[in-house]
Amino acid sequence: MAMTTFLFWNLNKKRLEELVASLAEVHEVDVLILTECEVPAHSMLEVLNRRAGAKFHLTDSQCAEIVIYTKFSPEFLRKKCDSGRLTIRRLRLPGSEEILLAAVHHPSKLYWKDGSQSFECVELSHTIRMMEEAVRHRRTVLVGDFNMNPFEEGMIAANGLNAVMARMIAARESRTVQESEYPFFYNPMWGHFGDAVDGPSGTFYRGSSEHIAYFWHMFDQVLIRPELLGIFRNEDLKILSGIEKRSFLTSRGLPDASVASDHLPILFRLDL
Amino acid sequence: MSISPRNLWPEDIAVTETVAPAAILKEQASLLGERTKNLVEGRVAPSAPSLRGGNFEYAFYLVAPALDNYHYHLFSVSHGVEFYPLTIQPRGSFGLSGLLPRGEVELAVNNEEEFLEELAKLFSSDKTKHIIASLIAQSRAV
């Protein structure tokens, strides 16, 4: 058993390879999952591997929206299912039980209605369950930029992602609606809302002059199947707001797209 | 005295020449295997009942048996009890291929003829050909 560190970041189509490499080094990242990444692979690899000892690899995929680099050989992260915005991989490190690693980038609310996003969650959930049946286990982690908050219908609906805010509920493993059984995800991002906890109040900020405005959003999330709760500790999940002396936030504490991305990265560890 | 029930249903009620969209998809899925010597096959899977309510949904996958049954979700279709109009939802970056009007996430087709036309466009798009070529090359390398 060993701690494996995952970093997910929406780069907002910016050349942030230096910041990504710093994060990877400081946090000893093993699996780097990027979306809206327009950094050419050769540039990213060059910067990631500039430091002695770092040996990142680009993993193969047909998914255009998600790029994954690993510090271990790509043969340990084999592709299982892709679409334009989703990739599902089998991660099997030597001496560890296999997990499914799924990463997604859902369409933005700028282009899709809330209802369409929820329908997409139903489709996503179905695809994940189909792949879980294919590999005969449900040790699955789903990470990504959902462009949805944890409380939205597609995230919580039973036939959507069925992602609940409490371990105790997720530990029941599944719930039944109209005679159909749906497996839970645990969504630890609920615990990072607001300013009563350390770190930023969300991963994305958008102010608005209309009546309904949340300001902070938790679009970037990691969801964990109950089967993996034993290898995940909540304190091993962080929303990162900077690296070393460089802050990703403005003086008002909001994501600073002029320095980094309009999304903040999330870091989590699993004791694989 | 028993009265034999009168059957009000017309005798030709079950006679139909209509082809279900799922049958069209399954036929095309099987034909892909012929084209690629089964290195890449098609698979049609019914999707979960969605929030759309009452719709029938099917996902079309490219499957590479030699690559641990790797699946690539190419597109989905959904329709009501009546087959048409039917919608095709190309997955992800297919929206960039010019198949869909800008800002649209799905394509509506009104009849079987249009459905076949749009399927042909999808199957012969550069993106589809690229993915299939890549899967064939990888399968041969295993």
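We name chains A, B, ... by the order of the sequence lines, and we start the count at 1 in each one. The structure presented is a predicted model; accordingly, all values stated were derived computationally and were not measured.
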Pairwise distance CD1(Ile131(B)) to OG(Ser83(A)) - rounded to 0.5 angstrom: 9.5 Å
Taking all non-hydrogen atoms of both residues, which atom of Cys81(A) and which atom of Tyr61(B) are closest, and how far apart? SG-CE2, 4.3 Å
After noting the C-alpha distance and the side-chain angles of Asp82(A) and His71(B), does the key distance pass the side chain to side chain contact (heavy atoms under 4.5 Å, CB included) rule? CA-CA 6 Å; Asp82(A) 287 328; His71(B) 281 55; over 6 Å; no
For Arg175(A), I'd like to know if atom CZ has over 12 heavy atoms of other residues, nucleotides or ligands within 6.0 Å. yes
When rounded to the nearest 0.5 Å, the distance separating CG of Leu124(A) from NE2 of His73(B) is 11.0 Å
Per-residue contact mode, Ala45(B) against chain A (heavy atom under 4.5 angstrom): side chain
Rounded to the nearest 0.5 Å, how far does OG of Ser47(B) lie from CZ of Phe119(A)? 13.0 Å
Taking it one step at a time, do Tyr70(B) and Gln62(A) satisfy side chain to side chain contact (heavy atoms under 4.5 Å, CB included)? CA-CA 11 Å; Tyr70(B) 168 77; Gln62(A) 305 291 342; 3.3 Å; yes
For Phe75(B), is it the side chain, the backbone, both, or neither that has a heavy atom closer than 4.5 Å to a heavy atom of chain A? neither
Determine whether more than 12 heavy atoms belonging to other residues, nucleotides or ligands lie under 6.0 Å from atom NZ of Lys109(A). yes
Do the non-hydrogen side-chain atoms of Lys80(A) and Asp68(B) ever get within less than 4.5 Å of each other? yes
Please round to the nearest 0.5 Å and tell me the distance separating atom OG of Ser76(B) and atom NE2 of His126(A). 8.5 Å
With side chain to side chain contact (heavy atoms under 4.5 Å, CB included) as the test, would you mind laying out the steps for Glu57(B) and Glu123(A) before giving the verdict? CA-CA 10 Å; Glu57(B) 298 201 17; Glu123(A) 184 84 37; 3.7 Å; yes
Side chains of Lys79(A) and Gln138(B): any donor to acceptor distance under 3.5 Å? yes
Taking atom OH of Tyr214(A) as the centre, report whether more than 12 heavy atoms of other residues, nucleotides or ligands fall under 6.0 Å from it. no
